[in-house]
There are 2 protein chains.
Amino acid sequence: MNGKIFIIEDEPSIIQLVQHNLEKNGFIVSSSLNGNDGLKELKKFQPDLLLLDWMLPDLSGIEICKNIRKDNSFKNLPVIMLTAKGEEEDKIKGLDSGVDDYLTKPFSFNELMARIKAVLRRSNPNTVSDNLKFDDLMLDRIEKRVFRDDQEIKLGPTEFRLLEFFLINPKRVYSRDQILESVWPNNINIESRTIDVHIRRLRQSVNLKNKKELIRTVRSSGYSLI
Amino acid sequence: MNGKIFIIEDEPSIIQLVQHNLEKNGFIVSSSLNGNDGLKELKKFQPDLLLLDWMLPDLSGIEICKNIRKDNSFKNLPVIMLTAKGEEEDKIKGLDSGVDDYLTKPFSFNELMARIKAVLRRSNPNTVSDNLKFDDLMLDRIEKRVFRDDQEIKLGPTEFRLLEFFLINPKRVYSRDQILESVWPNNINIESRTIDVHIRRLRQSVNLKNKKELIRTVRSSGYSLI
DNA sequence: TTAATTTGTAACAAAATTGTAACATTTAAG
DNA sequence: CTTAAATGTTACAATTTTGTTACAAATTAA
């Protein structure tokens with residue numbers, strides 16, 4: 001992962017948390033605690049993406065966003081807006097002002113990361129290197145391929161999404177409900193037993209001979225990688 | 001070749017010659033006849049490279065160059081300076097002001113082209129690719145021809161753009177929506193199934209006998225080269 | 001203009017994927 | 001050991017997705 005991210009956010013603890021984690025993930029990060037400083041710094045920093053707080057001491061996030069869109073050198077700068085709970089009703093307004101995505105506080109860093117990747121992938125594919133690795137397994141989200149060591153593993157769409165899901169937090173145990181919610185398109189109704197079958201299919205593909213089992217069953221809880 | 005080049009030059013005949021030839025080579029070109037206009041236009045045009053005449057009616061090329069270097073959004077804009085004979089003694093001064101390369105008038109277009117390529121290759125490699133290659137496939141963007149090994153492949157316009165699109169990021173999987181957005185002129189409405197048919201046509205042309213399949217179908221995701 | 005090429009879509013064929021049921025096996029508790 | 005619950009396995013029909021072909025409309029060349 002590489003690319004520059006700028007943060008405008010008045011809550012120092014959030015800045016610290018996000019900045020630290022983004023840097024750990026290979027991004028170059030800079031930030032401002034208010035809108036006016038932010039707009040100035042932005043010019044110097046030339047980021048690939050902007051994280052923007054909705055409520056700031058001086059300018060609102062929306063005003064900043066509109067400012068940015070007027071400036072030709074930032075015309076296509078992707079913006080992710082951070083909003084506090086209860087501001088949801090304003091979402092549409094925000095989207096109209098040219099925001100690329102939203103995140104409601106409090107959010108998990110993983111969620112933020114996912115949004116950042118998604119947005120960057122659209123605007124500037126080179127900044128996002130998207131390989132998920134675990135043990136001798138490698139999943140390439142861009143080429144949609146999976147390898148174990150150097151041997152390619154062919155997966156169907158659902159198996160791919162399932163493995164992708166596990167790889168984001170390997171080792172973590174997920175219940176069938178959690179898996180269902182994250183891996184299947186929303187509002188779909190399938191039996192929880194169906195997941196077992198897909199796990200079985202995934203296992204069959206992933207467990208090459210002479211390789212150790214990668215998917216763990218946690219009785220009465222769910223599944224995880226191991 | 002692709003990329004945007006801006007020219008600031010007060011001699012219309014030179015502009016015409018250079019602009020015309022650059023466009024024939026796939027560049028998008030815009031120009032101004034004096035320094036003040038040029039500086040304004042530059043902002044709008046956001047070029048990948050600037051051709052700058054040394055002597056201009058209002059500002060000197062050097063002044064323009066210094067101006068540009070002060071502006072953060074142009075910090076790394078490559079500049080090639082055009083000088084008339086007899087100004088050589090000033091070359092060093094010019095280089096200090098942040099010019100990337102020089103060309104003494106009169107110059108041949110080929111010479112200019114060589115310098116442009118050299119400079120662009122350093123600053124922005126993606127803009128300098130006359131032909132796209134992948135495996136035994138070669139697409140010449142200038143002559144609009146495609147070869148597999150040495151055998152020419154005739155493609156229709158849409159097939160050509162489609163292949164060109166894939167060749168920029170081969171291996172990467174694109175959804176039908178992404179393909180549609182990038183390969184078809186904006187605001188056009190076609191069914192996503194239509195892409196399948198064009199893929200089929202492209203395959204038929206590209207897959208010569210005894211050659212391996214080059215276009216991969218990724219079920220429920222899209223297509224890529226392979 | 002006419003002829004030739006290119007393009008988008010519909011319609012059908014083929015292939016891959018999916019969900020579920022039914023049965024088998026394993027596990028944990030008593 | 002027996003039993004019940006949870007999970008593994010298999011087969012299969014239904015659905016979804018993609019491939020293929022044909023054709024009329026649109027575009028371009030002659």
Side-chain angles (χ1 to χ4, degrees), chain A residues 144-146 152-166 173-209 211-226, chain B residues 144-146 152-166 173-207 209 212-226:
Chain A
K144 307 249 184 218
R145 292 160 168 285
V146 175
E152 178 161 9
I153 294 169
K154 300 274 185 194
L155 299 180
T158 305
E159 286 151 60
F160 187 92
R161 292 203 310 278
L162 194 54
L163 181 58
E164 185 181 19
F165 170 71
F166 278 118
V173 179
Y174 290 100
S175 72
R176 290 178 177 70
D177 280 349
Q178 290 174 308
I179 295 171
L180 211 148
E181 237 181 80
S182 306
V183 175
W184 270 261
N186 261 352
N187 317 328
I188 206 174
N189 269 39
I190 61 163
E191 316 237 342
S192 106
R193 276 320 301 290
T194 300
I195 292 167
D196 299 18
V197 177
H198 280 283
I199 289 282
R200 142 89 174 150
R201 286 170 181 156
L202 183 56
R203 275 191 172 130
Q204 204 160 28
S205 309
V206 163
N207 291 345
L208 306 180
K209 54 180 171 278
K211 293 281 179 180
K212 70 165 199 270
E213 172 73 49
L214 269 178
I215 299 173
R216 176 169 67 125
T217 305
V218 182
R219 197 154 230 266
S220 81
S221 291
Y223 300 95
S224 81
L225 298 190
I226 183 72
Chain B
K144 308 260 181 212
R145 275 142 52 106
V146 175
E152 178 158 12
I153 294 169
K154 295 282 182 190
L155 298 180
T158 306
E159 285 153 59
F160 185 91
R161 292 203 310 279
L162 194 55
L163 182 59
E164 184 181 21
F165 170 70
F166 277 119
V173 177
Y174 289 99
S175 71
R176 292 178 176 70
D177 279 350
Q178 291 175 309
I179 295 172
L180 212 149
E181 239 180 77
S182 307
V183 175
W184 270 262
N186 259 354
N187 316 328
I188 205 172
N189 269 38
I190 63 163
E191 315 241 337
S192 103
R193 272 324 296 293
T194 299
I195 291 167
D196 299 18
V197 178
H198 281 282
I199 289 281
R200 143 94 172 145
R201 287 170 182 155
L202 182 57
R203 274 191 172 129
Q204 206 159 28
S205 310
V206 162
N207 291 344
K209 54 181 172 276
K212 69 165 200 274
E213 172 74 50
L214 268 178
I215 300 173
R216 173 168 75 123
T217 304
V218 181
R219 203 152 229 266
S220 84
S221 289
Y223 299 95
S224 81
L225 297 191
I226 181 75

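Below, read A as the first sequence line, B as the second, and so on, with proteins coming before strands; counting in each chain starts at 1. What you see is a predicted model, and the numbers here were worked out from it, not measured in a lab.
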On a heavy-atom basis, which atom in [X] and which in [Y] lie closest, and how many Å separate them?
| X | Y | result |
| --- | --- | --- |
| B/Arg216 | B/Arg203 | C-NH2, 4.0 Å |
| B/Ile153 | B/Ser205 | CG2-O, 3.7 Å |
| A/Leu180 | A/Ile188 | CD2-O, 4.4 Å |
| B/Phe160 | B/Arg145 | CE1-N, 3.9 Å |

**Residue closer to the 5' end of DNA chain D, A/Ser221 versus A/Gln204 (nearest nucleotide)** = A/Ser221
**Message:** Categorize B/Thr217 for me: base, sugar-phosphate, or nothing, with a 4.0 angstrom heavy-atom threshold over every strand shown.
**Reply:** sugar-phosphate
**Message:** Does B/Arg176 reach a base, just sugar-phosphate, or nothing at all? Heavy atoms under 4.0 Å.
**Reply:** sugar-phosphate
**Asked** Does B/Trp184 place a side-chain N or O at less than 4.0 Å from the phosphate oxygens OP1/OP2 of C/dT7?
**Response** no
**Request:** May I ask you to verify if any side-chain N or O of A/Thr158 is less than 4.0 angstrom from the OP1 or OP2 atom of C/dT17?
**Result:** no
**Heavy-atom side-chain proximity of B/Asp196 to B/Arg176 below 4.5 angstrom** = yes
Just the rounded figure in Å: distance from [atom2] of [N] to [atom1] of [X].
| X | N | atom1 | atom2 | answer |
| --- | --- | --- | --- | --- |
| B/Leu202 | C/dT6 | CG | C1' | 15 Å |
| B/Ile195 | C/dT7 | CD1 | C1' | 13 Å |
| B/Leu162 | C/dT6 | CG | P | 15 Å |
| A/Asp196 | C/dT20 | CG | P | 12 Å |
| A/Phe160 | C/dA16 | CZ | P | 19 Å |
| A/Glu191 | C/dG19 | CD | C1' | 8 Å |
| B/Arg193 | C/dT7 | CZ | P | 18 Å |
| B/Ile188 | C/dG8 | CD1 | C1' | 9 Å |

**Asked** Parallel, tilted or perpendicular for A/Phe165 and A/Tyr174, by the 30°/60° rule?
**Response** tilted
**Message:** For a quick check under 3.5 Å, do A/Arg161 and B/Ser220 share a side-chain donor-acceptor pair by atom type?
**Reply:** no
**Message:** Quick check: on DNA chain C, is the nucleotide nearest A/Gly156 upstream (toward 5') of the one nearest A/Asn189, or the reverse? Name the residue that is more 5'.
**Reply:** A/Gly156
**Request:** Can you measure from CG (A/Leu162) to CZ (A/Arg201) and round to the nearest 0.5 angstrom?
**Result:** 11.5 Å
**Item:** Terminal contacting nucleotides, 5' and 3', DNA chain D versus chain A (heavy atom, 4.0 Å)
**Value:** D/dA5 to D/dA11
**Asked** Which residues pass the ring pair (Phe, Tyr, Trp, His ring centres under 6.0 Å) test with B/Tyr223, sequence neighbours left out?
**Response** none
**Item:** Between the first and last five pairs of the helix from C/dT1-D/dA30 to C/dG30-D/dC1, the angle of the axes, rounded to 10 degrees
**Value:** 30°
**Prompt:** In terms of side-chain heavy atoms of A/Val197, which of C/dT17, C/dG8, C/dT20 is nearest?
**Reply:** C/dT20
